[in-house]
Amino acid sequence: MPSRTWQASERRSRLELRVVDDLAEAGSHIFLETAPRTIALAGGGTPRPVYQKLAGHPEAWEGVDVFFGDERCVSLDDPASNFRMANEVLLSRVSARVHPMRDCDAEDYERELASVFGETIPRFELIFLGLGRDGHTASLFPGDPAVGVTDRTVVKVQRPDHPRLTLTIPVLSAAKLAVFLVTGADKEDALVALLAHADVPAARVAAERVIVLVDAAAAGADVP
Ligand code: 6PG
């Protein structure tokens, strides 16, 4: 991949906080309303019910290019794989153009992105993101050099459980719409940090529009 640098935006996105009773319904509605032609899916457990609900709208996935925000470096049928979860509940049931992250090969995925977006920075119409308790998102973890990378679109990250591939902040920030999916009281502190634009990786996502979709448990008492 030719070396280039994209300005990791200093811009702070206005965060639209939405506290909802039914995250799956709300997340599904955003997808259907946005009708993206390109999307990056989040991993972890929170998005699962959103994907399950979206499997009921196969027509909305016709011809959509589906990428991943990050992936654990395991086989695609490993229980830890983000692809496996999304494929099980959604992608195997719709006819989207799916682009899994394979073989822990960051350069290969950069080429895969370029095959759809060309040589400019990938500008996803929609990115679903999770939020870790430490304020990480995708596989961009606090203190990891990957968080500050501005000359790559995909990087490899070493982690105690599995190495991972992740989209970089410039890609997440180039999105037209980024939607954080956050549930559970254990995410309250991370949510407060995100909303306060504190120094956590999730707060660096400066997409054109950012919606923070949370349930009441995550919203708790401390969320403004
Ligand atoms: C991953 C995700 C990661 C996840 C958060 C939240 O591969 O694990 O990309 O960023 O979104 O850790 O995970 P939960 O939704 O399971 O709480």
Side-chain angles (χ1 to χ4, degrees), residues 20 22-24 26-28 30-31 39-54 66-91 98-102 104 106 109 124 126-144 146-147 149 153-169 171-173 175 178-195 200-205 207 210-220 223:
V20 296
D22 183 342
L23 192 104
S28 170
I30 289 173
F31 174 89
I39 185 171
L41 297 182
T46 303
R48 187 186 180 96
V50 178
Y51 302 162
Q52 280 172 313
K53 187 163 284 284
L54 281 169
V66 180
F67 289 84
F68 288 80
D70 72 327
E71 180 60 282
R72 292 81 179 271
C73 294
V74 295
S75 67
L76 294 181
D77 61 359
D78 186 299
S81 165
N82 290 333
F83 165 81
R84 173 176 155 157
M85 182 273 281
N87 190 52
E88 201 169 274
V89 300
L90 171 61
L91 300 175
V98 182
H99 307 267
M101 289 178 162
R102 299 178 189 279
C104 211
Y109 211 63
F124 283 96
L126 174 58
I127 296 185
F128 278 131
L129 289 169
L131 179 65
R133 281 181 287 174
D134 59 359
H136 80 259
T137 193
S139 282
L140 296 165
F141 291 85
D144 193 299
V147 175
V149 167
T153 56
V154 185
V155 291
K156 183 175 179 179
V157 172
Q158 295 301 333
R159 291 298 297 168
D161 55 355
H162 312 283
R164 296 154 175 244
L165 293 188
T166 186
L167 298 183
T168 57
I169 289 292
V171 177
L172 304 184
S173 292
V179 178
F180 283 94
L181 304 170
V182 189
T183 59
D186 62 338
K187 300 292 179 72
E188 184 177 348
D189 290 348
L191 183 59
V192 168
L194 170 59
L195 297 175
V200 294
R204 293 186 180 214
V205 176
V210 179
I211 295 173
V212 184
L213 211 48
V214 308
D215 69 355
V223 173

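When a ligand or atom number is given, it counts from 1 through the structure's own listing order.
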So which heavy atom in the protein is nearest [atom], and how far is it from that ligand atom?
atom	value
atom 6 (C) of ligand 1	Leu131 O, 3.6 Å
atom 16 (O) of ligand 1	Gly45 N, 2.8 Å
atom 2 (C) of ligand 1	Asp70 OD2, 3.6 Å
atom 8 (O) of ligand 1	Arg72 NH2, 2.7 Å

Could you tell me which atoms of ligand 1, counted from 1 in the order shown, lie closer than 4.0 angstrom to a heavy atom of [X]?
X	result
Lys187	6 (C), 14 (P), 17 (O)
Asn82	1 (C), 7 (O)
Arg164	1 (C), 7 (O), 8 (O)
Gly130	11 (O)

Sequence neighbours excluded, the answer for side-chain hydrogen bond (donor to acceptor under 3.5 Å, both in side chains) partners of Ser139 is Asp70, Arg164

Side chain or backbone of Leu181 under 4.0 Å from ligand 1, or both, or neither, by non-hydrogen atoms? neither

Answer side chain, backbone, both or neither: which part of Thr46 comes under 4.0 Å from ligand 1, heavy atoms only. both

Nearest 0.5 angstrom please: [X] [atom1] to [Y] [atom2], how far?
X	Y	atom1	atom2	result
Arg48	Leu23	CZ	CG	15.0 Å
Leu126	Ile30	CG	CD1	8.0 Å
Leu181	Leu41	CG	CG	10.0 Å
Lys156	Glu71	NZ	CD	13.5 Å
Leu167	Ile127	CG	CD1	6.0 Å

Only one of Val214, Ile211, Leu213, Thr137 forms a side-chain contact (heavy atoms from CB on, under 4.5 Å) with Phe180, so which one is it? Thr137

Option with minimal heavy-atom separation from atom 5 (C) of ligand 1, where the choices are Met85, His136, Arg48: His136

Given Ala202, Ala138, Gly43, Gly44, which has its nearest heavy atom closest to atom 3 (C) of ligand 1? Ala138

Phe124 meets the ring pair (Phe, Tyr, Trp, His ring centres under 6.0 Å) criterion, sequence neighbours left out, with Phe67, Phe117

Test the Arg102-Tyr109 pair against the cation-pi criterion, namely NZ or CZ under 6.0 angstrom from the six-membered ring centroid and within 45° of the ring axis. no

Would you say Glu71 contacts ligand 1, with heavy atoms under 4.0 Å as the rule? no

